[in-house]
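Inspection log for the structure reproduced underneath, given as structure tokens.
All values derive from a computational prediction rather than experimental measurement.
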Amino acid sequence: MTEPPPTLAAERTHLAWRRTAIGLTGGGLAASHLLQEFVGAAAWSLAATAVVVSVALAAVSHRRHLVDGALPPGGRLVAVSAAGTLVIGVAAVAFVVLRGP
């Protein structure tokens with residue numbers, strides 16, 4: 001017995017998570033580039049965190065959409081996205097505040 005093809009809603013969700021991962025990577029790189037003037041090379045830790053979170057989002061989305069079609073238990077995809085974005089945001093604020101005028 002063959003499995004039914006993924007629905008269009010599942011395809012849209014997968015593409016939305018991919019766009020989120022790409023946007024998070026781009027935003028992390030842009031923020032690091034802008035903050036480099038203030039905090040030096042330490043700003044690139046933001047880019048590294050953004051890339052790690054983006055890879056996690058893309059991997060889970062890929063697995064969900066193309067491999068087993070099931071959501072990860074407990075909403076981990078959303079939790080990873082929120083936690084990663086929170087870490088990046090707090091680090092950016094800390095860099096700016098600690099740097100001072």
Side-chain angles (χ1 to χ4, degrees):
M1 175 178 267
T2 62
E3 294 183 22
T7 64
L8 291 178
E11 179 73 16
R12 284 192 305 271
T13 301
H14 173 64
L15 293 173
W17 279 112
R18 287 177 72 183
R19 283 190 306 271
T20 300
I22 292 169
L24 188 57
T25 299
L29 290 171
S32 297
H33 180 71
L34 294 172
L35 287 173
Q36 186 176 9
E37 178 182 333
F38 300 105
V39 295
W44 291 101
S45 62
L46 288 175
T49 304
V51 169
V52 168
V53 172
S54 296
V55 168
L57 287 174
V60 172
S61 176
H62 175 76
R63 185 191 64 145
R64 176 182 174 243
H65 179 68
L66 299 177
V67 178
D68 61 8
L71 279 170
R76 284 185 283 179
L77 183 61
V78 175
V80 166
S81 176
T85 304
L86 179 66
V87 167
I88 293 167
V90 167
V93 169
F95 283 156
V96 172
V97 169
L98 292 176
R99 177 65 177 178

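- Take Leu15 and apply the side chain to side chain contact (heavy atoms under 4.5 Å, CB included) test, not counting sequence neighbours, and it matches Glu11, Arg18, Arg19.
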N/O donor-acceptor pairs under 3.5 Å from side chains in residues 43-54, not counting sequence neighbours:
| unit_1 | atom_1 | unit_2 | atom_2 | d |
| --- | --- | --- | --- | --- |
| Trp44 | NE1 | Gln36 | OE1 | 3.3 |
| Ser45 | OG | Ala42 | O | 2.7 |
| Thr49 | OG1 | Ser45 | O | 2.9 |
| Ser54 | OG | Ala21 | O | 2.9 |
| Ser54 | OG | Thr25 | N | 3.4 |
| Ser54 | OG | Thr25 | OG1 | 2.8 |
| Ser54 | OG | Ala50 | O | 2.8 |

Show me the side-chain donor-acceptor pairs of residues 87-95 shorter than 3.5 Å, one per line, residues at least two apart or across chains.
none

